[in-house]
Amino acid sequence: MTSLAHQLKRLALPQNDSDLLSRRVVASVLFDPKDAASMDRSTFYALGCTGLEELMGIDPAFSEFQETLFSQASLALERSVQIKEVNKKLNKSISLFLTRLSPYFLLKPALKCIEWLIHRFHIQLYNQDSLIACVFPYHETKVFVRVIQLLKIEDPTHKWHWLHGLQKPGVPLARGTLLTHCYKDLGFMDFICSMITDSVKAYSGFVRDGNCPQLRVIFSFYASTIVSALDAVEKITNSIIAKLLPFVQLEYVSCSIELPSDRISALNQRIQSTVRQFESRYPCALDVALENHVKKVSSDHEKTVLHQFISLTMSCGKYQILPDSDTCLMLSLNHPLPSVRNMAVDYLKEILASEHNGFDEAFLKDALLERIKDDMPEIVLSALKALQKNLWNVLKDVLVKTSPSDMLGVANQMLTTTLIKNLANMDHATKRNTLQNVCDILSRQGSSVRERAAFVVFSNALLQSLQSMMESQHLHTAQSVYKLLEPLLLQVYTIQPEQASCEEVNECLPVCVILGEFLQKMSSGLNAEREQGLLLLSLLRLFITALKCPDSTFKDEPWWNPEKMDANTCCYVHLLCRLFDLVISGASQGPLALCFKSLMQPLLQVHLNEPTTLFKFLSLLWGYNSNLGDQLDCRVSAILQTQALYVGKALLCNQPIKTLNVLASGSSPVVPSLLVCLCSGVCEVRRAAIAVLHSLSGVVSSPYYLLVENLLKSSEEIIADPSYLSQALSKMYEEALLLKDKKKKLASIEQLLQCVQLPCCPSYTCKTLLRALQDVHGEPILAILLPAVERLLEQCAPDSCTFLPDEAHLLQLLLSKFNEASAHLLVKDPRCLEVFIRALGTSAKPYPSMPGFQIIALEQITKPFFTALGDEKIQQKIISVLFDLLVGNKSPACAQAINGVFKAIAVDAELVANELMPVDKQKVTATVQQTRRSKMQTRKTQESSGAVPEENVVSWPRVTLILELLQHKKKLRRAQCLVPALFNLLFRCLEPVAAEQENLEYTKQLILSCLLNVCQKLSPDGGPISKDVLEEDQFNVELVVQCVRMSDMPQTHHHALLLLGALAGIFPEKVLHNIMPIFTFMGSNIMRLDDTYSFQVINKTVQAVIPALIKVCLKYVCSIYSVIYLKHLSNLHRNTLKPLGTPWQLPFVSCQCTYLNKIGEIEGYVIDCLLVMVMKLSEVTFRPLFFKLFDWSKMDGASKNRLLTFYRLADNIANKLKGLFVLFAGQLVKPISELLRQLNISHTDKPFFDSDDDEEEDSDDDDDDVTKSSLLLQYVLDCLHKIFLYDTQRFLSKERADALLGPLVDQLENMLGGDEIYKTHITKHLVPCIAQFAVALGDDSQWKVLNYQILLKTRHSSPKVRFSALVMLLELASKLRENYMVLLPETIPFLAELMEDECEEVEQQVQKVIHEMETILGEPLQSYF
């Protein structure tokens, strides 16, 4: 079983046990499980109640359970559905019962009671520990084994699993096994001990005269087991004793509670020696046991008894319970509540003032030292005050021997000396905590005389102790003390002159001397601000002299680089910076400025005694505020930066020329750091930096001499504009390139770059310098910086990429130097190319706010950069690396960047073609025929050897990614170079071995799409291409055809046929000679394949190939259709014309309307072929075919051109099938009605055919859209006319008639296509259709509706509509003849109105209509007017 399974099983609830749901087997201690299953609940209840009554006769203690576990209500109690509180109360009751039952377990009544508890409360599942505790004293009996067999303890992780071995054999537990487990498993020992405490509590109310016979069994079991286990163990450990002692104490307390006072004294005398033996041998265990027990004491009587027990120990004092607490002194000192710990420390003070009864000196000392480590300052202060009581002894002699005037100074000195001595005697950990706590206390000092004096004394002691401290502790303490002094020293700046003494002080006196004066003034109520200031300055002087440099070797480095310093050195330099800031600021303000100024000398002498060291420190201050990492944890403000610059200027003015030469040399940080200051956004910083540069202007030997001179000429511009430095450096570099003697002028720039690439130069300085040099580019620049790029890239190991923020920015700036100006260095220097390629492969991204280095490097490959490379081999290498990265990288950002790079650069297609070829191919120059011959030879070699050479294998994933990039590539020179490589890949795709190994359908589609793109690039207008550009034999049309024949994917067919369409315009003859096999294939196999597939193939063929081939030969195209359909019809004939699940679908008009007439002609041939097939079909086979075509015509998202095809086809089928077609026409009524509305331009402004909305339509000619709409209306009307003409089945129900009548009559208003088209529609299509519609209606009530709707059109505003309505009335009368008589009365008024029509043509037409109607109806109509 897995560990997870164990955990799940352990977490499973008892109520989910399967045995609880089964009645085939029931747990029982008295009966066979199967027999128990046949017994009902009342039987078990009666058995349990009988047992309880018998037990009550033996021991009245069981009577309380009569109303709980054995009550009538327990019959209906189901614990698995009870709330937590109910089950908790139930468990407590069961545990108490089983504890009291244990002495009587072997009696029959006890087993009866257990039987009821097992049956009703499932105690073998819910109360295993209580049940086992009840029976364990009888572990050598069979009844014990019977109970153990009821438990579910087979899980190896179960606490009682060690008893699992007893269950199957049914043997009792051997005593040796029990003892071994007892001393090996302290948890089990704890369980046995807890049996004692539980039993004592269970029978605590039944003790008589100090006796309780029921406890004898459990005490006997406990004693025999524990004593024997201790005898058996090799070594008694503190852990074992710690387990036993609490129960020894508990037994003592339990006995003491019940015994009278005289017997308790006797008990104490008997056990005192035993307790003290325990204490001497196991002091730690006794401490733990007493501490734990004190926590559990509640009542006053228990406290008294516990105190009596504690008094039996030798060191009873520390276990005394404090008067105001519920815990002993030892526990109180370590109590979680600060108030209790503080009370305990106060108690220790009282003990120190007394005779120490019951305490040893070591305990008192350790306890106070331990509290000095407390995290609460109040407690630490209290502990320190307790220790100060010992200082009185130190001062006694001082008071006797010293005069009153000197007493304060001498006393403070003695106190300081004592504190130093005490600190020195402490161990490392105690000293560390003491120092930290003292500093915390001092940070919260008050303003009283005593507290101020304490601050000075303790600070003085800490500073004098610094000398003897270890390195890390020294710096840590120094930092803590400085944090205390700095805020107070900053206040010294603000001392008002009137508060200071008139006596000028220009140096710092000893602390003890000034402290005496300070205390005297404070005690007298005089102003002591000056003395306090002098005290603080004296402490500061002491701090400066006491501070030690942890490792002075860093001072010899060319640069003080915080990025390279360890923690201790950073701490030291941090303090130097703060000290410099404090002293230099204080020296310029306040009445104690001279004292501050006097501190500058020791600061420089002790820590910065050499000019070079001093200027390294100043250079650090000059440039540190650009450090993002802030390793020193020190903010260098613009004010401090400016002050440091002016200090530097003052010091430079006093330096000899020899020193100036060193400070201005190439290895010195001075000039580069000053240039960093010139980039500052603060004007005063730039002004100060210019002032320092003036001090170096005469140092001719400096490599920066010309640079400094040039910059000083532009001083005003640099001070005014922080960005001007970049312009000045760029201008200087460009001018130097034009000079004949350019080496000297370039030397300064190159020296600056040499500084940037030095590992010792801080990256934040390099970063700022490179930003200043952002407009300086070229091969020499990149060549100098190359080592820095290499060094930083080496830090980018995948498993240990550690970059400071400034290093990351620096590498970003360094990579930007790979640009158009420096690109040719990649050709000249192989190392440079190698570094750039390594950068391209560095995927590290140390900070989320910055792009990864790989992305930065990729962004350098711009179109100018790639073009500037010039060398095709290098370009090929870069392209190859890009493609390799695309394959191996899983980062979307990297893929996107490569995609952007490849889109932007101008690439020669031959470079890409080389990447598409197998590994052994270097150049693509062979024709398709040569490639084919090569492949044939390769295949023969492989067949003979039985192996495929590894170097000739195509990496399909890589090829696929390259092809995906090519889909959107526009800047591709000599695109024709791709053609042989693409056809080579297409050939490899179609090889059986490749098809078996990988699914290459998507790759085929990409190849075909790329070939199509090449065709479109070479021939944008779709016309022929010159042989000089692309030879015809390079296009293997057979392979394209083979893609269609060998693939089952419609997407592949789509791409192949689009390519064939493009090739048909470029190489029409080649396509014509090769296109027949694909149509022959489709015609022969069309019925064997899925019909969706068939539809896709034909549809795409029409869209892609036919328009191009129509230009060449219309007759040939028609023969193609003939082949398809003849083959198709022959297949139908060979197969019994069985019904199709998805019928044959045909694509028709779906091409550019430029060819509308030609397409119409072709469509006519196709329809003729289809009609031949239709006439051979039965009604059963024709119906699904027709409705599938109908669904295809109105498919969502499909081109509306399909409607043209369908209704033209429907019209032809109706003409052929005549009356039979009416059987299928019912579903056309509503769609035709809707079409008539949509095609009626008098009712809608939206054209039905809209080239802009049609995804499958390429034409944007509005005339073609109108033409198609007219054609569709014509086909619909003609189809309806034939339906009405051949209707013999009463096709026109009232519902269908109502649906068609309005839209048909409204066509009289439809001016679609202009006057001529309108006239043709009316006379040749609409009038015959509506007239036949009337005949098909055959109902005079519907005739009236139709006639009236036509009459309404005679009142239309357009004379053309009124004229057409008259033509319609005449045709209606001629069709209905004498039946029209019933319609005449309502017709005459409308005709009378028209006789006076404003349009002469309408008047004439009215007369004609009246005359013709008279002829038709056989009676004159003049009498009606």
Side-chain angles (χ1 to χ4, degrees), residues 1232-1233 1236-1237 1239-1243 1270 1273-1274 1276-1285 1292 1297-1313 1315-1340 1342-1395 1397 1399 1401-1417 1421:
I1232 285 178
S1233 172
L1236 290 172
R1237 288 190 178 92
L1239 290 168
N1240 193 338
I1241 64 171
S1242 67
H1243 287 189
S1270 302
L1273 181 60
Q1274 173 187 322
V1276 168
L1277 293 173
D1278 289 353
C1279 182
L1280 282 176
H1281 177 252
K1282 293 178 178 62
I1283 292 171
F1284 303 148
L1285 181 63
L1292 282 175
D1298 290 345
L1300 291 172
L1301 189 147
L1304 279 172
V1305 175
D1306 286 345
Q1307 291 301 315
L1308 291 169
E1309 304 172 343
N1310 190 0
M1311 298 296 177
L1312 178 68
D1315 292 347
E1316 291 301 319
I1317 298 295
Y1318 174 75
K1319 185 176 179 180
T1320 304
H1321 273 165
I1322 296 297
T1323 56
K1324 293 190 177 181
H1325 303 288
L1326 182 62
V1327 169
C1329 178
I1330 293 180
Q1332 199 58 46
F1333 174 71
V1335 174
L1337 283 173
D1339 180 4
D1340 56 357
Q1342 291 182 314
W1343 285 338
K1344 285 186 177 182
V1345 176
L1346 174 63
N1347 189 60
Y1348 184 72
Q1349 292 297 321
I1350 296 172
L1351 289 172
L1352 288 176
K1353 301 300 181 187
T1354 63
R1355 293 176 177 174
H1356 197 275
S1357 60
S1358 170
K1360 290 186 177 63
V1361 176
R1362 300 198 296 273
F1363 186 91
S1364 299
L1366 288 171
V1367 174
M1368 185 70 256
L1369 283 173
L1370 182 60
E1371 184 66 18
L1372 188 62
S1374 67
K1375 285 292 183 181
L1376 298 181
R1377 304 193 71 77
E1378 63 275 5
N1379 292 326
Y1380 193 77
M1381 291 298 293
V1382 298
L1383 307 176
L1384 199 57
E1386 67 181 11
T1387 306
I1388 294 302
F1390 286 90
L1391 294 177
E1393 290 179 11
L1394 292 173
M1395 290 176 69
D1397 195 275
C1399 177
E1401 290 181 357
V1402 174
E1403 279 189 25
Q1404 292 174 0
Q1405 183 65 17
V1406 171
Q1407 297 298 332
K1408 181 180 177 182
V1409 168
I1410 294 172
H1411 177 73
E1412 291 292 336
M1413 279 189 174
E1414 288 177 339
T1415 304
I1416 292 168
L1417 300 175
L1421 300 182

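Because the structure is a prediction, the values reported are computed rather than measured.
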Open item on the list: If the test is side chain to side chain contact (heavy atoms under 4.5 Å, CB included), which one of I1350, L1352, V1345 qualifies with Y1348?
Closed with: L1352
Task: Flag side-chain contact, heavy atom, 4.5 Å: H1321 against N1310 - done: no
Open item on the list: Check this for me, if you would: do E1393 and R1355 make a salt bridge, where the nitrogen-to-carboxylate-oxygen distance has to be below 4.0 angstrom?
Closed with: yes
Task: Interatomic spacing from CG in L1384 to CG in L1421 - rounded to 0.5 Å - done: 5.5 Å
- [ ] Tell me, please, which residues at least two apart from F1284 pass ring-ring contact (aromatic ring centres under 6.0 Å, His included).
- [x] F1333
- [ ] Look up atom CD1 in I1330 and atom CG in L1301, then write down how far apart they are to the nearest 0.5 Å.
- [x] 8.0 Å
- [ ] Provide the full list of side-chain hydrogen bond (donor to acceptor under 3.5 Å, both in side chains) pairs with a residue in residues 1356-1366, sequence neighbours left out, each pair given once.
- [x] Y1318-S1364, R1362-D1397
TODO: Rounded to the nearest 0.5 Å, what's the gap from CD on E1412 to CG on L1366? Could you check?
DONE: 12.5 Å
Task: N1240 side, atom CG; D1306 side, atom CG - distance, nearest 0.5 Å - done: 6.0 Å
Task: Atom pair CD (Q1405) and CD1 (I1410), whose distance is rounded to the nearest 0.5 Å - done: 10.5 Å
Open item on the list: What's the separation between atom NE2 in H1243 and atom CD in Q1307, rounded to the nearest 0.5 Å?
Closed with: 8.5 Å
Open item on the list: For D1339, give me all partners under salt bridge (Lys or Arg N to Asp or Glu O under 4.0 Å), at least two apart in sequence or on another chain.
Closed with: none
Task: Backbone of A1299 reached by a side-chain donor or acceptor of S1233 within 3.5 Å - done: yes
Open item on the list: Do K1324 and K1319 have side chains that approach each other closer than 4.5 Å (heavy atoms only, starting at C-beta)?
Closed with: no
For a quick test of your reading: what N or O donor-acceptor pairs under 3.5 Å do the side chains of residues 1370-1382 make, sequence neighbours left out?
unit_1	atom_1	unit_2	atom_2	d
S1374	OG	E1371	O	2.7
Y1380	OH	N1347	OD1	2.9
Y1380	OH	T1387	OG1	3.2

Task: salt bridge (Lys or Arg N to Asp or Glu O under 4.0 Å) partners of D1298, counting only residues at least two apart - done: K1294
- [ ] Report, as yes or no, whether the 6.0 Å neighbourhood of atom NE2 on H1411 holds more than 12 heavy atoms from other residues, nucleotides or ligands.
- [x] no
Open item on the list: The criterion is salt bridge (Lys or Arg N to Asp or Glu O under 4.0 Å); which residues satisfy it with E1414, sequence neighbours excluded?
Closed with: none
